[in-house]
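See below for the structure under consideration.
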Amino acid sequence: MMFFLKLIQSIGVGALSISVGLLFMGIGRKITARIHRRYGPPAIQNFIDVFKLFSKNSISHGFAYDLGIIAGTSALLAAVVFLPVGQINLFPANSSLIMILYLMTMAYLGMAMGVSSSGNPNATIGISRALTMMMGYKVPFAAVIFSVYIFARTGSLTNIIAAQSGGLLNWNMIRLPFGFIAAEIALQGMLGEKPFDMAIAPAEIASGPMVEMSGKYLGFGMLQHAVGIFLETGIMVNLFMGGAPNVWIFVIKQFELFFIALLVNAILPRFRVEEGVSFMWKIPLLLGVIQALIVVL
Amino acid sequence: MSIFNNAALLIGVPLLFAFSIPLFGLISKQLTKWVTLLTISFNATFSLYILLAHKYPSIVVMGNWLPPFGENLYIGPVAALLVSLISVMGLLIAIYNLWSIKKGDVTRFSVLFLMFTAGASGMVLTGDIFNLFIFMEITGISSFALAAYGPEKRALGGAFKFLVVSSIGSTLYLLGVTLIYTQLGTLNIAEIAARINQTTPGLLTFAGVLIVSGLAVEAELFPFNGWVPDTYTGAINGVSAALSGIGAVSGVYALFRIAMTVFGKDGTYVSSYGNLNFMAVIAVLATATVVIGELSALTQKNVKKMLAYSSMAQMGLVAVGLSIGNELGVYGGIFQLVNHSIAKTMMFLILGVLVASGVGENIDDFRGLWKRSPFLSLAFSVGAFSMLGFPLFGGFWSKFAIVGASIQRGGWYDFIIGLVLFASIVEAFYYLRIVGYMFSSDSKFPKLKTPWTPTIPIFILAVSIIAIGVFPQIVGTFSAQAASEFTHKMSGYVLNVIPTIAAH
Amino acid sequence: MNSNLIWLVFTPLIGSAIAAILYNYKFLDRLITFSTFAITLFLVFGTHVGQTYSMNLNFMGRMIPLSWNVTHLSIFMLYISIVFGTILTFYSLMDRSRMKGFLLLLILAANNWIFTTNDMVGFFFAWELMGWASIVSVLGGRKERKSRHAALYYALMSIGGSYSMFFGLFTLWRLTGSFSISSNLAYLSSIVGVHPWWVLGIVSLFFVTFMIKAGIFPFHTWVPMAYAYAPDTFTPFLSAVMSKYGIYGMLLFLPISLMEKGMPTVFGLPWVNYIFVWIGVITAVLGTVLAFFQDDVKKLFAYSSLSNLGYIVAAISLFTSVGVTAGIYHAFNHLLFKGALFITLAAVISRSGTSKLSEMGGLWKKMPVTFFTFFIGIASAAGIPPFNGFGSKWLIYQSMIKQHLLFATILLFLASTGAFLYLFKAFHSIFLGQLSHNYDNVKEVPVIGQIVEYLLMFAMIFFGIQPGYILRPVGLIVKSVGLNPLAVMGNGYVTGMFSNVDMPLIGWSLAISFVFGFILFFISAKHKYVSQEDNYTAGQIPQDWGLTPETYQFSWKFYEPMEKLFAPFYRIKIDGFFRGLGDWTRITGSAVKQVFVGNAQIYTLFAVVGLIILVIAGWVA
Amino acid sequence: MSEWKELADYFRGRSMWMLHYCTGCGAIELPPTMTSRWDMERFGVVPMATPRQADILLITGYLSIKSLKRVVYTYEQMSAPKWVLGFGSCTINGGIYWDSYSVIKRLDKYIPVDLYIAGCMPRPEAILDSFVKLRELIKKGEAKGYEKYVKNFEWYKANQDKVFRRTTPVLKKPEEVTKSA
């Protein structure tokens, strides 16, 4: 009985993450359009796109391709249930942050396996760029995570949220300002927004990993991106903004972070890969390390 | 003191047959090789009987004159072990010679070989420093002649260098002996040992320096070992085997008999009644020998020359072990002597078979030998591994003991053994390179046909290396007794020869 | 039945002798090797903790006691090494590489001896035996010249290491008069407060040996060569089992650090431990950075092994209860996944005939079972839950953060992220992408190989989801070295310092979300399978411009941006130091050789000069 | 089932992803269509990078025989449902290239065109209008060009082959040329 309850709740969280993610993407397009002084598509445009993609025929390059693409979405959905979302915290004893991060890696591995098995070099170049970039943003992010670990004396998101209770001034965002800025920059890379979107450069490598994706495969890719946005901004909210008393406020906080990323995305050009990585290893890492030193000493 | 006069046969029989071999040669030249074989097999059997039936310590008295008045042979644990080693090696090389010596003056070769063995046995057995000189000359002269044997011109050159350096050594030794005789009026080792402190210290030091230098030629210690590479390389392989397996054994024995028994002091590491500590001198010379020998062998492309240098370095290691002077060190040194004798003899014999079958002496000729002759390459690797002191092979235990003894003694021996071990890494490089060549490459040449006669000694030697490696007590028991004899001057040697003598 | 300890050593020796005799009959040789491993496994079932045995070795007329003592650690190591060896030798039954069974059995004998012995003579004997057997095993790889060089290089390092241990053990013997490991360790612990530098010196003599065998930072240079050019079926053993001997040795000596009261501390660690943590971290990062750019797949995974051993060393050097638990746990995990990876590599190399990443590609359609084993292997190696590599990595981070070693932790995280990169590079270049026409006839490995691969897959998932089966014995080990073991609740939990992880829950969560993924996949519009040539090529028809699968495969310079970033790193060459040492020795050798000029007069001069020097020495003295 | 289809068609009409094949001068009309003046994204029309992802193939001008080959390959790589928009008079009757030997005259002889946009050049308004028109056609189920292509594949193939044959080299091999000379 407990199992089914948790199962249904998990499905709910999954559905929520997908819807919020798609909605964010749609609103993002709208906002970007407004910055460009365009009208922009409706906010629910991405729901339409996903439905269309799932109704469209598609081609596949074999079972590894299918499996990889499915794994990309499913592993993220599996990770999202461990994330405390407002008052919904399904597995409070198991919300280890590093575990969630490594579980997300499964999604990247699945996605990378799927698109690479298509045999298109553009896809592999995209993956290679994405992984290189991952090496860039993971390191400053790790520095921040570990400072938070030491600061809060816990590695579980549940407890990190609990440690920030009691008002705005207790948020890690205020207490660990350098760490927050470093994590924000890392988040930009994690979301794959400009200036760190070299993995899906449409003009150079024909949208990179997505080059061979058609129909439902592209649909899965979009779902993965949606859940990814939800998960990554959700982690940030829990880490730095003290979680949220309920889902709505949680989503609003997530949107605040996403909004900053959008603004940066709308006005900046793209880095080259090694520039991106070395930028990540200079400024955010420096900030993260300063933060770590402050925490340790 | 027990008297065991029959032991004189160990010298007498080979000498007798050596002089009568020309008679056999009149009948058939090939017969002489069999006579040699039979004579040495008598020696081997008899010496093994002495060793295994524990007929020692005992002395052989010439003409019922008890020492110190008469000449005597002394059969202690060291002598029993080493004479067995010499005879067995001689036997195995004689078996090999049945196959290898076909052309040339076979009769003369047989005479020389028997004399060589007899001389070496005599050096080990004698209890008299002048007789030691005589046996040294017998060994030396026969070995120059042996080294010059063979069709190749380089043999003559090598033998000549040996002759020159060795003559200097003998002269120096004889001078030293004379000095001691003028002081003490006796030539008996036991008596000299007991009364050594009655001499003038300065003169004694000089005599000691002369004797050590003279014997270092035979023991292949630097800088008295210039002859080694050329002579070993020049001689035919059977002779090289005999030189390293027999000649070097007797040389090292003589050196340490004088240094430890004559000049040694019971219960100390000091070996001098003059000013110079001969053990320390020998240790320095030995370390230099090891390092120079291994480094010189490193870049050799000629395997025989490499073995010659390695032989020199191994003798240095033996000397390092013996010069440590504690019981474990002497144990290790003697054990190492046995191991080196077995392994180096085997490797020279293998080289002989290979050269005779058309494989060259160069390291490149060893490529893919594993495919051509599995037996010979396995045996060669066994020898190499024993040299390097890998476990399951004999060399492990002796190296283990030597290193242990050095560190047990401590002090500057830590430094010496550090140098020696560094040299061992160099040694590992060149031996393992050969092993790598043998095992990793394929050869386009056809399989070798190994004749069975030389296979017998090689097989026996290879098996004995592994047997010693697995059951070290085969040699260990005897080397322990030998170590005890060497390290206890009075109770181990002097009192066994002359029970009545008073310790001074 | 205490004598089965001695049979643990003798059974493989006897098996080895038989196998050596039957060496020419390759299958029989392998069969005997496998059955000896299986028999030894049965013998291990009969051993239990606390078992002792002793016999006397007649050495220099004196008796040296050889003693055996089974501890929790030794029985754990015995189990994991022999079980893995059994699987590997079963796999090698169908293998055609030039692995020599009798040498593997010699290593097994040494393996059992090392793990159970309580005297340093036996330890040293076994260590040397293992050393030379593995050196000879490395000979006979596919590339003969290179494997010869690799074996020589490995041999020199290994022998150097042995001599260092030689020194150490005899120094201990001089101090205590005993060869017993346990009493010597007790002695060291007792004097560490008084003479810390002495203890440090002696222990570092041993540690040099262990570091060389495990391939830790300054002594790592032999690892890539030996791993890459050893026979393909021997490399799994080399990487999975033999690198752990060094870890085992370190674990023996590390408890001394508990007593180092006199030592200054850094972050609550004795500074020696602190240095070792950094050595581990440097090894981890170095292995990762060097692994990015390898084109030889075995070399790539050799560097990966290096990196993982760095993790283990960093963790056990902390010598806290989490650290030691994490280190041993990671040693097990590394054994399992790296063994699996190298076995699949052996399969791939034997089928494709090349170990160059740039020559492979697209093999997943041809070798699906191998492909999945490799996939799970790299998922484990990257530390993805619920596969087996996650728990230990996670614990290692926690143990490091617990000591506030932030930079070290960040660098370890960098190494872990980097691991994901090079693992994917290997994965892509071997299995994904375009299949070259050279490999059109490649088949899956034979049934024996597939059985082994299924077994390894199962093990990697099982021990990932049920870590309790490993953590419990590891807890006993931790307790036996005098630390508090981690609490183990149930088989599925990993209990850390900062949070817990419920592995089966992750498994369930993944399984259910995959079910949803598949449902969505199958109810949505249909898909059709197309050939690998049917790719987006910007409108060009591939056949028209002479495109071949090889030219359309992206595997050369996979991480070029990284290469630019790490270019300054490559100027530092540790390898160069050892090579320089070797060259220097060689030059000295050539020079020294000139002493023997081959001229009788000069030799006479030598003798005379020697005499004069001795006379002067006597005079002066 | 048909409700599902209708729903799907509704969404397809509102999310049309476009691959533009820019050959002639018409490509210059696309940037204003995409950017703030006319903003085609409000109709759910987005430019895509590869034929795998796209629903609409927009041919903006004349097609030489060589480029026709690429267009056909690209069209075949797109997955159904897919639509073709012919842009400008070049795709209808060759336009100013009406007598060129190397340019095709009518696109719908080679691939099925769902909608032509007449004019030389058609302005961005015309393009937007065609999107709205196509959306209606899709909703009504009348834009079935991709089905027509499958049904009449032999006819299309024959037409394509007829012009492709003209791209085979006419010159002889160099050694034959020198021999005749």
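Heavy atoms only: backbone and side chains are in, while hydrogens, waters and symmetry mates are out. Chain naming here is simple, since letters A, B, ... match the order of the sequence lines and numbering starts at 1 in each.
- Within the 4.5 angstrom heavy-atom criterion, atoms from both the backbone and the side chain of D:D55 approach chain A.
- Proximity to chain D (any heavy atom under 4.5 Å) is restricted, for A:Q45, to the side chain, taken from C-beta onward.
- Side-chain contact between D:F11 and A:L53 is absent, with no heavy-atom pair separated by less than 4.5 Å.
- With a threshold of 4.5 angstrom between heavy atoms, A:L218 approaches chain D through side-chain atoms but not through N, CA, C or O.
- Only the side chain of D:T50 comes within less than 4.5 Å of a heavy atom of chain A; its backbone N, CA, C and O stay farther away.
- Annotation: maximal heavy-atom pairing with chain D below 4.5 Å, among A:A206, A:P41, A:G215, occurs at A:P41.
- Counting heavy atoms of neighbouring residues, nucleotides and ligands inside a 6.0 Å radius, atom CH2 of D:W98 does not exceed 12 of them.
- Highest contact tally toward chain D, considering only A:R37, A:H36, A:M213, is held by A:M213 [criterion: heavy-atom pairs under 4.5 Å].
- Donor-acceptor pairing under 3.5 Å is recorded for the side chains of A:S207 and D:Q53.
- With a threshold of 4.5 angstrom between heavy atoms, D:V45 does not approach chain A through any atom at all.
- For the residue pair D:S15 / A:D49, a side-chain donor-acceptor distance below 3.5 Å is found, with atom types taken as modelled.
- Annotation: maximal heavy-atom pairing with chain D below 4.5 Å, among A:S55, A:A33, A:P42, A:S58, occurs at A:S55.
- Neither the backbone nor the side chain of D:W38 comes within less than 4.5 Å of any heavy atom of chain A.
- Remark: A:R34 CZ is packed, more than 12 non-hydrogen atoms of other residues, nucleotides or ligands lying under 6.0 Å away.
- Comparing D:R42, D:E41, D:R12 by how many heavy-atom pairs each has under 4.5 Å with chain A, the most go to D:E41.
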